[in-house]
Amino acid sequence: MFHTVLCDLLGIRYPIIQGAMQGAGGPRLVAAVSEAGGLGVLPTFGGTEKDLRDDIEKTRALTGRPFAVNITPIGRAFTESRAAICVEMGVPIVTTGRGDPGSNIVQKLKEAGTIVLPVVPSVHHALRVEAEGADAIIASGMEAGGHVGRVSTMPLVPQVVDAVKVPVVAAGGIGDARGLLAALALGACGIQLGTRFMATVEGECADWMKQRLLEIDETGTMISSLMTGKPVRAFATRILREYEQALAHTDSAEERGELRTRYLKELRNAPVEERTMAAGEIAGMIRDIRTVRELIEGIIEEAATLAEKLYRVSRAEGGGKPLNIRHRARASES
Ligand SMILES: Cc1cc2nc3c(=O)[nH]c(=O)nc-3n(C[C@H](O)[C@H](O)[C@H](O)COP(=O)(O)O)c2cc1C
């Protein structure tokens with residue numbers, strides 16, 4: 001069930017991509033996702049060339065299934081060298097994040113036969129990367145953990161779907177079967193999840209991060225440019241709040257630079273309870289740590305049940321019982 005064009009394009013069983021997560025997902029997580037029928041994605045946001053080569057080798061030792069490498073375009077030399085490594089090592093799929101990788105990079109990857117899926121925050125970006133030759137586009141709303149734009153997933157995805165001809169994947173604020181069905185209803189052919197994969201047995205992040213994901217509610221994240229200089233959704237903390245408040249009081253580039261240096265230093269020396277990490281609004285929904293296989297198969301199985309219910313309701317076959325798509329346990333009870 002739920003075999004879409006994305007499955008054919010990427011050679012995967014389920015239309016579920018694990019978004020690259022610097023600091024939270026290396027070869028172990030990536031291989032687990034690919035083994036479970038989704039697409040695991042290795043991050044390369046920073047890190048040396050050797051790190052990337054080693055991660056590709058390690059992932060290959062753990063799975064024979066397709067996986068991708070994500071290139072965050074943080075400068076031309078970095079982007080070109082990481083793309084060249086992907087080509088040289090025969091990585092079949094590349095995703096890109098935080099902005100346009102540039103036509104040159106997409107073209108080089110395409111000439112080598114690489115499938116390219118850029119992550120975009122707007123219709124404008126989607127049109128640009130489609131023109132550069134992207135095979136599919138991941139439209140990511142501002143609910144997402146990590147770098148974000150200004151539009152939410154619900155309005156972004158259908159507008160990107162309407163604007164481009166290539167397949168569209170929905171990302172940002174998706175963590176369960178309801179999110180998968182909603183994304184398909186919006187016209188997407190699959191979903192990309194980040195935050196939910198952090199809270200898995202194989203998620204490669206510190207224990208305090210998994211614990212924080214279990215504890216916070218839907219208001220427990222915020223957008224701040226402290227960590228990378230660009231807007232990132234992350235665990236809301238006193239330090240991030242104070243930094244953003246201080247920024248709002250000055251337009252001077254020099255003062256803003258000084259503030260960033262000061263607050264970054266404070267962040268580096270902060271005790272665990274004041275540390276932060278990229279995380280999305282979906283964290284409020286996370287109540288358990290599952291294996292990657294349990295998570296992926298659970299989403300697919302539950303989506304099949306919910307789709308059946310929706311179908312029955314649309315055909316007025318619900319016996320007059322109103323549809324109530326609630327929490328996992330409730331959904332299977334009713
Ligand atoms: C801890 C963390 C690190 C991330 N690192 C990257 C990254 O290196 N490159 C990238 O393109 N996206 C990165 N992202 C974004 C994810 O790949 C994904 O698109 C996003 O998490 C989806 O939204 P969600 O968190 O609501 O599931 C990161 C997200 C998180 C939570």
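As the structure lists them, so they are numbered: ligands from 1, and atoms in each ligand from 1.
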Distance to 0.1 Å, residue and atom name: give those for the protein heavy atom nearest to atom 14 (N) of ligand 1. A20 O, 3.1 Å
Presence of salt bridge, R196 and D176, under 4.0 angstrom: no
At what distance is the nearest protein heavy atom to atom 29 (C) of ligand 1, and which residue and atom is it? G145 O, 3.4 Å
Quick look: N70 vs ligand 1, heavy-atom contacts under 4.0 Å, and the answer is side chain
In terms of side-chain geometry, is the basic nitrogen of K165 or E130 positioned less than 4.0 Å from the acidic oxygen of its partner? no
How far is atom 26 (O) of ligand 1 from its nearest protein heavy atom, and which residue and atom is that? G173 N, 2.7 Å
Quick check on T72 - does any of its heavy atoms sit under 4.0 Å from an atom of ligand 1? yes
Is it the case that ligand 1 has an N or O less than 3.5 angstrom from some N or O of T195? yes
Nearest protein heavy atom with distance in Å, relative to atom 27 (O) of ligand 1: G194 N, 2.8 Å
protein heavy-atom neighbour closest to atom 19 (O) of ligand 1 works out as Q192 NE2, 2.8 Å
N/O of T96 under 3.5 Å from N/O of ligand 1, yes or no? no
For V119, is at least one N or O under 3.5 Å away from an N or O on ligand 1? no
Of the protein's non-hydrogen atoms, which lies at the shortest distance from atom 23 (O) of ligand 1, and what is that distance? A144 CB, 3.1 Å
Which residue and non-hydrogen atom of the protein lie closest to atom 1 (C) of ligand 1, and at what distance in Å? A278 O, 3.3 Å
Quick one: look up the protein heavy atom nearest atom 3 (C) of ligand 1 and list residue, atom name and how far away it is. M21 CA, 3.4 Å
Charged N to carboxylate O under 4.0 angstrom, E88 versus R53? yes
Just let me know how M277 lines up against ligand 1, side chain, backbone, both or neither, with a heavy-atom cut-off below 4.0 Å. side chain
Quick test of your reading of the model: are K58 and D54 salt-bridged, counting only N-O distances below 4.0 Å? no
Would you mind telling me which of E273, E266, E244 makes a salt bridge (Lys or Arg N to Asp or Glu O under 4.0 Å) with R238? E266
